[in-house]
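Structure below; questions to follow.
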Amino acid sequence: MVDFTLTDEQRALREMAHDFAANEMRPVAWDYDRDSTWPEDILRKAWELGILNTHIGEEYGGPGIDFLGGALIEEELGWGCSGIGTSIACNGLATAPIVIGGSEELKREYLSSLTEDFKLASFCLTEPDAGSDVSGMRTTAVKKGDKYVINGSKCFITNGGYADFYTVYAKTDKDAGHRGISAFVVPPEAGVVVDKKEDKMGQRASNTATITFNECEVPADNLLGEENKGFKLAMMTLDRTRPGVAAMAVGIARAAFEFATDYSKERVQFGVPIAMHQAIQFMIADMATDVEAARLLVWKSAVLLDQGRRNTLESSHAKRFAADTAMKVATDAVQVYGGYGFIKEYPVEKLMRDAKIMQLYEGTSQIQRLVIARETLLPRRVEEPAATAAA
Ligand SMILES: Cc1cc2nc3c(=O)[nH]c(=O)nc-3n(C[C@H](O)[C@H](O)[C@H](O)COP(=O)(O)OP(=O)(O)OC[C@H]3O[C@@H](n4cnc5c(N)ncnc54)[C@H](O)[C@@H]3O)c2cc1C
């Protein structure tokens, strides 16, 4: 039987995240966006509340919240401020390769370090010449005795300027395309240089940095999974994290929808609140439907993971639709506000800028469509285990 009713525990989780978003994020979100301020105080509070490392199991000091629970939290964070929310969620992205492919020693050392103290980690896949097509990456990891030496540059790295360790993808076989990529845990003291912080259109509170690895020596034991199997690890990581990113997009869309709904009841033109005009009503109605549909896709993609099943298709459905929904709903919310929507003093222009990144990071909307097309045109006959099960 399909039942969309949340348990008491899930409702409590959502309420806790909502209170945090309403009381800690919303009051400062527009200031942090304007000044592009690093929200360390909010991140520390999120850590204290236990929502910075929801995915880390109890054996490493984490709460071990399941994927649906994580998605419920991320929707609220997206509703509060997706810029701060992205920095809160980043530990989940950075540590997924450790959870999936790390040795027990690496898990004990690095996962536990995040729960024992307030610490951050970054996920380093993208390079200046290798975005959607990561097989073109130029960063190399060369094995020398019991170490790997990593050289190269990564761009657009969330929390990169503040990370206490990095999960880094590098070529261990330069000529093997995506089959020559491996993943490593790299501590900053190995020789990581933060080159610059990006000045962004939206999500301005999150830190996005360019990082260089100069002759970075890491123990061979810092290899995650098998050598040359890093591409698969990255894809399994994204299957696990896309439901959460999509949930954040639902949060942005819901926030824009709520602001537009309230405003449409207050703003009077032609002698009536603009909500009385059918053109406005239909925009609000479409927003309501799209937010609801996006949330259902998110929940399905998360529940499949919780059931130990593969969710590649469903997580791309969720990410693509929720991201496009966030962009459409936020743009329409600006339309409902009219000229005021274009002015920074009103809340929806930030949401429109924030929404744009949802169509870009963790796989653009085009890349999600490529995945959906591949999974639809060439469906796998045997149901493969999910990333969790395969780990
Ligand atoms: C704020 C921010 C935070 C980020 N955080 C991280 C992070 O923490 N770690 C990390 O590793 N990366 C991160 N990224 C990088 C992000 O994942 C990439 O920007 C994204 O994957 C797209 O790569 P690209 O920018 O090189 O665009 P490109 O790959 O150059 O794409 C350009 C355009 O071409 C389209 N395109 C490309 N190939 C195809 C194709 N085959 N078919 C159809 N269309 C195609 C794309 O959809 C896009 O519209 C972040 C980016 C930003 C902006």
Side-chain angles (χ1 to χ4, degrees), residues 38-40 43 46-47 51-57 60-65 67 70 73-74 77 83-103 106-127 134 137 139 141 150 152 154-170 181-190 192 194 203 206-211 213 216 218 222-225 230-245 248 357 361-363 387-388 391:
W38 172 238
E40 183 168 326
L43 300 186
W47 181 80
I51 57 171
L52 200 77
N53 297 298
T54 55
H55 55 287
I56 296 184
Y60 308 109
I65 293 170
F67 288 96
I73 292 173
E74 289 204 41
L77 300 181
I84 302 173
T86 288
S87 278
I88 292 177
C90 187
N91 276 5
L93 172 66
T95 55
I98 303 177
V99 172
I100 300 167
S103 63
L106 285 179
K107 287 180 185 172
R108 291 240 163 264
E109 182 175 353
Y110 286 99
L111 299 181
S112 302
S113 75
L114 297 179
T115 58
E116 281 161 8
D117 202 353
F118 168 72
K119 284 189 191 304
L120 299 172
S122 284
F123 178 84
C124 303
L125 181 64
T126 306
E127 296 187 4
V134 297
M137 72 171 57
T139 297
I150 301 175
K154 297 284 175 182
C155 63
F156 303 147
I157 303 307
T158 300
N159 292 357
Y162 298 91
D164 294 284
F165 65 87
Y166 302 83
T167 43
V168 180
Y169 292 81
I181 295 171
S182 304
F184 303 88
V185 182
V186 180
E189 58 273 15
V192 181
V194 180
Q203 295 204 342
S206 78
N207 175 264
T208 310
T210 301
I211 310 284
F213 303 93
C216 274
V218 296
N222 280 25
L223 174 71
L224 293 167
F231 179 78
K232 191 169 179 214
L233 197 56
M235 294 307 109
M236 289 167 83
T237 293
L238 295 174
D239 282 354
R240 293 164 70 105
T241 56
R242 280 178 183 153
V245 177
M248 202 170 295
I357 187 62
Y361 65 15
E362 293 212 23
T388 37

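The first residue of the sequence shown is numbered 1, and numbering continues consecutively from there.
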Atom pair SG/CG of Cys90 and Asn207 - distance to nearest 0.5 Å |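 Rounded to the nearest 0.5 Å, the SG-CG separation comes to 9.5 Å.
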
How far does CD1 of Ile211 sit from CD of Glu127, to the nearest 0.5 angstrom?
->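 So the CD1 of Ile211 and the CD of Glu127 are separated by 12.5 Å.
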
Determine yes or no for a side-chain-to-main-chain donor-acceptor pair under 3.5 angstrom, with Trp47 supplying the side chain and Lys119 the backbone.
->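 Such a contact is absent between Trp47 side chain and Lys119 backbone.
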
Pro188 vs Val194 side-chain heavy atoms within contact, under 4.5 Å =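 Answer no - side chains too far apart.
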
Residue pair Thr139 / Ile150, side-chain heavy-atom distance below 4.5 Å |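 Yes, close enough: below the 4.5 Å cut-off.
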
Pairwise side-chain contact, Leu125 with Met137, heavy-atom cut-off 4.5 Å (strictly under) |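 Side chain of Leu125 against side chain of Met137, heavy atoms only: contact under 4.5 Å found.
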
Please confirm whether Phe165 and Tyr110 have ring centers closer than 6.0 angstrom.
->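 Yes, they do, as the ring centres are separated by less than 6.0 Å.
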
Asn159 side chain to Ser87 side chain, donor-acceptor N/O pair below 3.5 angstrom =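 A donor-acceptor contact under 3.5 Å links the two side chains.
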
Hey, is the main chain of Tyr169 close enough, under 3.5 Å, to the side chain of Lys154 for a donor-acceptor pair?
->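 Yes: the side chain of Lys154 pairs with the backbone of Tyr169.
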
In Å and rounded to the nearest 0.5 Å, what is the CG to CD1 distance from Leu111 to Ile98?
->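 Between Leu111 CG and Ile98 CD1, I get 5.5 Å after rounding to 0.5 Å.
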
Nearest 0.5 Å, what's the CD1-CD1 distance between Ile65 and Ile56?
->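 If we round to the nearest 0.5 Å, Ile65:CD1 and Ile56:CD1 are 11.0 Å apart.
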
Working to the nearest 0.5 Å, report the span between CD of Glu362 and OG1 of Thr237.
->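 Between Glu362 CD and Thr237 OG1, I get 9.5 Å after rounding to 0.5 Å.
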
Does Asn222 reach the side chain of Val186, with side-chain heavy atoms less than 4.5 Å apart?
->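 They are not in contact (no side-chain heavy atoms under 4.5 Å apart), so the answer is no.
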
Write down the atom of Gly161, the atom of Ala209, and the distance for their closest heavy-atom approach.
->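 So the two residues come closest at N-CB, 3.8 Å.
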
N/O donor-acceptor pair under 3.5 Å between Asn91 side chain and Leu120 backbone |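 A pair under 3.5 Å: no.
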
Between Tyr166 and Phe184, ring centroids under 6.0 Å =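 Ring-ring flag for Tyr166/Phe184: false, centres at least 6.0 Å apart.
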
What distance separates Ile357 CD1 from Thr208 OG1, expressed to the nearest 0.5 Å?
->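 Interatomic distance, Ile357 CD1 to Thr208 OG1, rounded to 0.5 Å: 7.5 Å.
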
Tell me, with the steps shown, if Val218 and Val185 meet side-chain contact (heavy atoms from CB on, under 4.5 Å).
-> CA-CA 8 Å; Val218 296; Val185 182; over 6 Å; no

Side-chain donor-acceptor contact under 3.5 Å, Tyr361 with Thr158 =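 No, because no side-chain N or O of Tyr361 sits under 3.5 Å from a partner of the opposite role on Thr158.
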
Val99 versus Arg240: any side-chain heavy-atom pair under 4.5 Å?
->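 The answer is yes; the side chains approach within 4.5 Å.
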
Kindly give the heavy-atom pair with the smallest separation between Ser122 and Ile157, and that separation in Å.
->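 Closest pair (atom of Ser122, atom of Ile157, distance): CB-CG2, 3.6 Å.
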
If we only count heavy atoms from C-beta on, is the Leu114 to Tyr60 side-chain gap below 4.5 Å?
->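 A side-chain contact under 4.5 Å is absent here.
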
Is any side-chain heavy atom of Ile51 less than 4.5 Å from a side-chain heavy atom of Leu77?
->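 Yes, close enough: below the 4.5 Å cut-off.
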
Measure across Arg242 and Gly363 and return the closest heavy-atom pair with its distance rounded to 0.1 Å.
->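 What the structure gives for the nearest pair is NH2-CA, 3.9 Å.
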
Parallel under 30°, tilted from 30 to 60°, perpendicular over 60°: which one fits the rings of Trp38 and Tyr162?
->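 Parallel.
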
Can any side-chain N or O of Gln203 pair as donor or acceptor with the backbone N or O of Thr86 at less than 3.5 Å?
->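 Here the side-chain-to-backbone pair does not exist.
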
Hey, are the side chains of Thr115 and Pro63 touching, using non-hydrogen atoms and a 4.5 Å cut-off?
->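 Not in contact.
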
